[in-house]
J.: 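The structure follows.
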Amino acid sequence: MSIDVRNVTKTFGSYTALSDVNLHVKDGELVALLGPSGSGKTTLLRIIAGLEIPDDNPGSSILFHGEDVARRQVGERQVGFVFQHYALFKHMSVFENIAFGLRVRPRHLRPSNDEINEKVNRLLKLIQLENLGKRFPAQLSGGQRQRVALARALAIEPRVLLLDEPFGALDAKVRQGLRNWLRRLHDELHVTSILVTHDQEEALEVADRVVVMNNARIEQVGTPSEVFHNPASEFVMDFLGNVNVFHGRIENGQAQLGNLLVNVPSMEQKPAQNANVYIRPHELQIELHANGTPSLPATVSRINPAGSYAKIVLAASDGRELQVDLPFEQFAELNLHAGDHVFVSPKKVRVFVPEYVI
Ligand SMILES: Nc1ncnc2c1ncn2[C@@H]1O[C@H](COP(=O)(O)OP(=O)(O)OP(=O)(O)O)[C@@H](O)[C@H]1O
């Protein structure tokens, strides 16, 4: 089922938590709301759920499959929830926790006991906890509890699944496992899902599209690749991964990065102005000798080879700190050590000026 958020604003007293937000979520899509703390992600999710009411502005609406649900209560929206803090019933077994939403249905809508048994067993299998139905929540790990919370949300066959930092309280390894598992589950079930997270890696790995939020507004909506490789704003560039930032000037199609001039042909016709130049760590290259291409002299300060890339921290000759991620073959070839004098040059730059983005 598709979801449309149209011109939604939400104020709490004099504080604006959402400012004229518009969003379309396609049927069967998994969308991540990504942004720093306080950017409005949870408020937007709660408004979609019907747990929070948007300001009463003309033209403001929430549509499920084209139908305005503004006056529909939470219970009528057929929404499944999973929150960060597993809200499982402690005194109920895993099986009963999952069955709960079905057992509390009005008598004429309630499935028979046999149907409930069959459905819960199917869900237990889906979350790979077939043998743990009789356990109580206290006897499960954090990751297992979140899988039960997800099965419980799915039991009512929601039209929409809303997940608010569902893995936020778990350690990195478990998070990673559940993330992959959630993606596979989504590919199997195709329930339209919205996942709130402040973890950019999680959003980029799991979601079909990422909605980047900042200060009560949506900064950009796009596929993980679009938002990462073509950020629409400095905020998105900065929020999605590490960056080297140069506050400089752009003139005659050239950006000045410290002592280095870099060609930015698309800025040739633009008047001279101040600009911020962003370069991701993997977009800088290191040479042992100046080879004629424009480069910044720098000294290696630290090397961290523990990861899928070697992370090199350098001090440029003007004192600025630079971060470079190098593939291991290249790192081995350069045979770098702290204290080495090298030359750093950008393979790619992104220039942001007040009204212009390259
Ligand atoms: N009921 C409320 N009353 C007053 N202010 C609120 C209320 N709910 C949210 N806010 C404020 O609105 C802003 C957005 O909150 P929201 O929970 O949507 O942010 P978030 O992006 O989900 O952040 P986090 O990642 O920390 O949960 C915050 O500054 C918050 O303090």
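Just follow the structure's listing: the first ligand is 1, and inside any ligand the first atom is 1. Since the structure is predicted, the reported quantities are computational estimates derived from the model, not experimental observations.
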J.: Identify the heavy atoms of Val196 and Asp164 that sit nearest to each other, and give their distance.
T.: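 So the two residues come closest at CG1-OD1, 3.3 Å.
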J.: Got more than 12 heavy atoms from elsewhere within 6.0 Å of CG, Leu261?
T.: yes
J.: Are any non-hydrogen side-chain atoms of Gln144 and Leu129 less than 4.5 angstrom apart?
T.: yes
J.: Run through ligand 1 for me and note each protein residue having a heavy atom under 4.0 Å from it, chain first, then residue number.
T.: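 Shell around ligand 1 (4.0 Å, heavy atoms): Phe12, Tyr15, Ala17, Pro36, Ser37, Gly38, Ser39, Gly40, Lys41, Thr42, Thr43.
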J.: Do the side chains of Glu226 and Arg209 get close enough for a salt bridge, i.e. N-O under 4.0 angstrom?
T.: no
J.: For the residue pair Leu126 and Leu189, establish whether any side-chain heavy-atom pair is separated by less than 4.5 Å.
T.: yes
J.: Between Pro166 and Val82, what is the shortest heavy-atom contact and its length?
T.: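 So the two residues come closest at CB-CG1, 4.0 Å.
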